[in-house]
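Start at 1 with the first residue, then count along the sequence.
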Amino acid sequence: MRSDTVTKGVQQAPHRSLFNALGYTKEELERPLVGVVSSYNEIVPGHMNLDKITEAVKMGVSMAGGTPVMVPAIAVCDGIAMGHIGMKYSLVTRDLIADSTEALAMAHQFDALVMIPNCDKNVPGLLMAAARINVPTIFVSGGPMLAGHVKGQKRSLSSMFEAVGACAAGTMTEEDVCEFEKNVCPTCGSCSGMYTANSMNCLTEVLGMGLPGNGTIPAVYSERIRLAKHAGMKVMELLEKNIRPRDIMTEKAILNALTVDMALGCSTNSMLHLPAIAHEIGMDFEIDFANGISAKTPNLCHLAPAGPTYMEDLNEAGGVSAVMNELNKKNLLNTDCMTVTGKTLGENISGCVNRDPEVIRPVDNPYSETGGLAVLKGNLAPDGSVVKRSAVVDEMLVHEGPARVFECEEDAIEAIKGGKIQPGDVVVIRYEGPKGGPGMREMLNPTSAIAGMGLGSSVALITDGRFSGASRGASIGHVSPEAAVGGPIALVEEGDIIKINIPELKLELDVPEEELADRKSRWQPKEPNVKTGYLARYASMVTSGNRGAILEISR
């Protein structure tokens, strides 16, 4: 056992004295030490229940003969961080979480790990850490929030942000906004639509790192507590069989995740996180993979914000396993991949029934024959950009219009809410990329303002930043190279015509090459927005959005 390094032999007597100080008994130190990485805190609604999940996991580990040791992981609530400097600190926590978890696990020589995330950056950050540490590991999340109810309709956080835009447009009263405010987030849990947190939790199942149901069982269901106990017990079986994350998270498993991502219509943020996870297992992940997989993968689900169904509905319909079983009818998955159940993916999903064909469309009656995400390229995004195609209205799949250029999110929001954006416009928000932000802020406020102002079917938004999973409409993010490194988005001028063709996977700036070359010769880098602290260090190491915003050391 790895933990023998800190618990066995005369040489380790000083180590054991410190375990004594912690209250551990001789009997506990003779068992495997299992690190229980808990993201519990009192600021993130998706994490406020993780103390209960943590205790259930610890009970499961103890029942199966291990000694559980809780250690912490930080978390940021993207919703609370949205629209101000706090959002610069969201994506960057993914790497803090991975690094700090690696440090804790290696410093204390845990034999196995149970990861307890729930929200946006914790899931990928802990998956990255699991791949690095590579001891037997299992994931169990805190589960999704139940949908809220406003005026007899199910609602979620995206409805709340759009209500603010509608109020600015004069189509909703402050009293209406207050009713939304009180009712859209009724329970603990990760927000109730197919936003980033739930996208990534669902993909833990597909990757094989979470037990069936991990992505969809609501946070407030007692079934979630039982799942946590089973995860604690199961990690001891993984330890006994020496099944490790890199045995599970293979290239085939990553491609499975991208396939199910397309069927579910996941957040565009998955196109940042899957490349980063792939990087940790040594896989060269080109975001162009998405288009090849999308071309053959039907979109089976339209969960909020793309449609009127929510995570609780997906759970009742059979969950991620039922979605995978539908896809398997067309042989779209690598079913021989190992999972934390100790069985293959194919064995896990065999016989999983689709109980609601309105929530999970049958594979022969999909919402579309192609997947929920698309990567667009062209002279405006030579290295690619990402759009959630399943959340774009038909009339915006092909669009061209004049660029309305903004150097930051705040200026764009002011113009949108001030009535300065007209139907047909293409809003360009730049210098919000991984380096330029720094931190690649989510643009939920501007996309929600556009929708709330009634412009969702006539205005597009393009950015080198990214979008919340709660965004909908013709929202094209991750434009690479970003403006801060002189990418073409830095050269766009007010009134330039931008052409968007999602079916043809194109994003073009209708400006002659000679003119672009002249603009490039005159372009000067902007002064960094942040010069000190973690954000400055992050900006010096981070790569572009098309590479997953991974960190690299300059050599």
Side-chain angles (χ1 to χ4, degrees), residues 1-3 6-7 19-42 44 46-73 75 101 104-105 108-119 122-123 126 129-130 133 135-144 187-190 201 204-205 209-245 315 339-343:
M1 289 291 171
R2 285 162 60 103
S3 61
V6 294
T7 60
F19 279 104
N20 289 340
L22 290 164
Y24 286 100
T25 65
K26 179 176 180 293
E27 291 80 5
E28 285 175 299
L29 297 183
E30 289 172 349
R31 297 177 173 188
L33 294 184
V34 178
V36 179
V37 185
S38 175
S39 304
Y40 169 74
N41 63 40
E42 295 181 344
V44 183
H47 291 204
M48 63 180 284
N49 65 320
L50 296 189
D51 55 342
K52 296 177 177 60
I53 301 296
T54 300
E55 288 305 311
V57 165
K58 290 171 67 177
M59 185 178 294
V61 170
S62 296
M63 289 165 62
T67 296
V69 183
M70 192 283 287
V71 292
T101 302
L104 281 167
H108 301 108
Q109 292 291 284
F110 294 128
D111 298 304
L113 295 166
V114 183
M115 305 295 201
I116 308 177
N118 208 28
C119 289
N122 288 71
V123 185
L126 291 177
I133 302 160
V135 298
T137 302
I138 193 169
F139 277 64
V140 57
S141 77
T187 72
C188 62
S190 47
N201 279 319
T204 62
E205 291 189 46
M209 293 298 293
L211 294 173
N214 185 53
T216 60
I217 297 170
V220 294
Y221 283 14
S222 298
E223 186 180 0
R224 175 65 57 178
I225 300 295
R226 297 196 297 272
L227 184 78
K229 291 176 183 176
H230 283 131
M233 290 185 273
K234 184 60 70 172
V235 79
M236 298 305 296
E237 182 182 319
L238 295 174
L239 180 60
E240 181 183 351
K241 295 179 178 178
N242 196 29
I243 298 174
R244 301 171 182 241
N315 187 62
T339 73
V340 291
T341 65
K343 300 177 181 178

What I want to find out is whether K234 reaches E237 closely enough, with some N-O distance under 4.0 Å, to be called a salt bridge. yes
Classify the side-chain pair R224/S141 by whether it contains a donor and acceptor separated by less than 3.5 Å. yes
So how far is it from T204 OG1 to M209 CE, rounded to the nearest 0.5 Å? 9.0 Å
Just checking E30: does its CD atom have more than 12 heavy atoms from other residues, nucleotides or ligands closer to it than 6.0 angstrom? yes
Passing option when P72 is tested against T101, L104, T54 for side-chain contact (heavy atoms from CB on, under 4.5 Å): L104
Exam field: side chain D51 to backbone Y40, donor-acceptor pair closer than 3.5 Å: no
Side chain to side chain contact (heavy atoms under 4.5 Å, CB included), that's the test. Do F110 and I133 meet it? Break it down for me. CA-CA 10 Å; F110 294 128; I133 302 160; over 6 Å; no
Backbone of V6 reached by a side-chain donor or acceptor of Q109 within 3.5 Å: no
Quick check against the 3.5 Å criterion: does D111 have a side-chain atom that pairs as donor or acceptor with the backbone of V34? no
Counting only N and O atoms by type, is there a donor-acceptor contact under 3.5 Å from the side chain of N41 to the main-chain atoms of V44? yes
Donor-acceptor contact present, side-chain T67 to main-chain E28, <3.5 Å: yes
Can a donor-acceptor pair be found, under 3.5 Å and without considering hydrogens, that links the side chain of S190 to the backbone of G143? yes
For N201 and N118, run side chain to side chain donor-acceptor pair (under 3.5 Å): C-alpha distance rounded to whole Å, both residues' side-chain angles, the deciding distance at 0.1 Å, then the answer. CA-CA 7 Å; N201 279 319; N118 208 28; 3.2 Å; yes
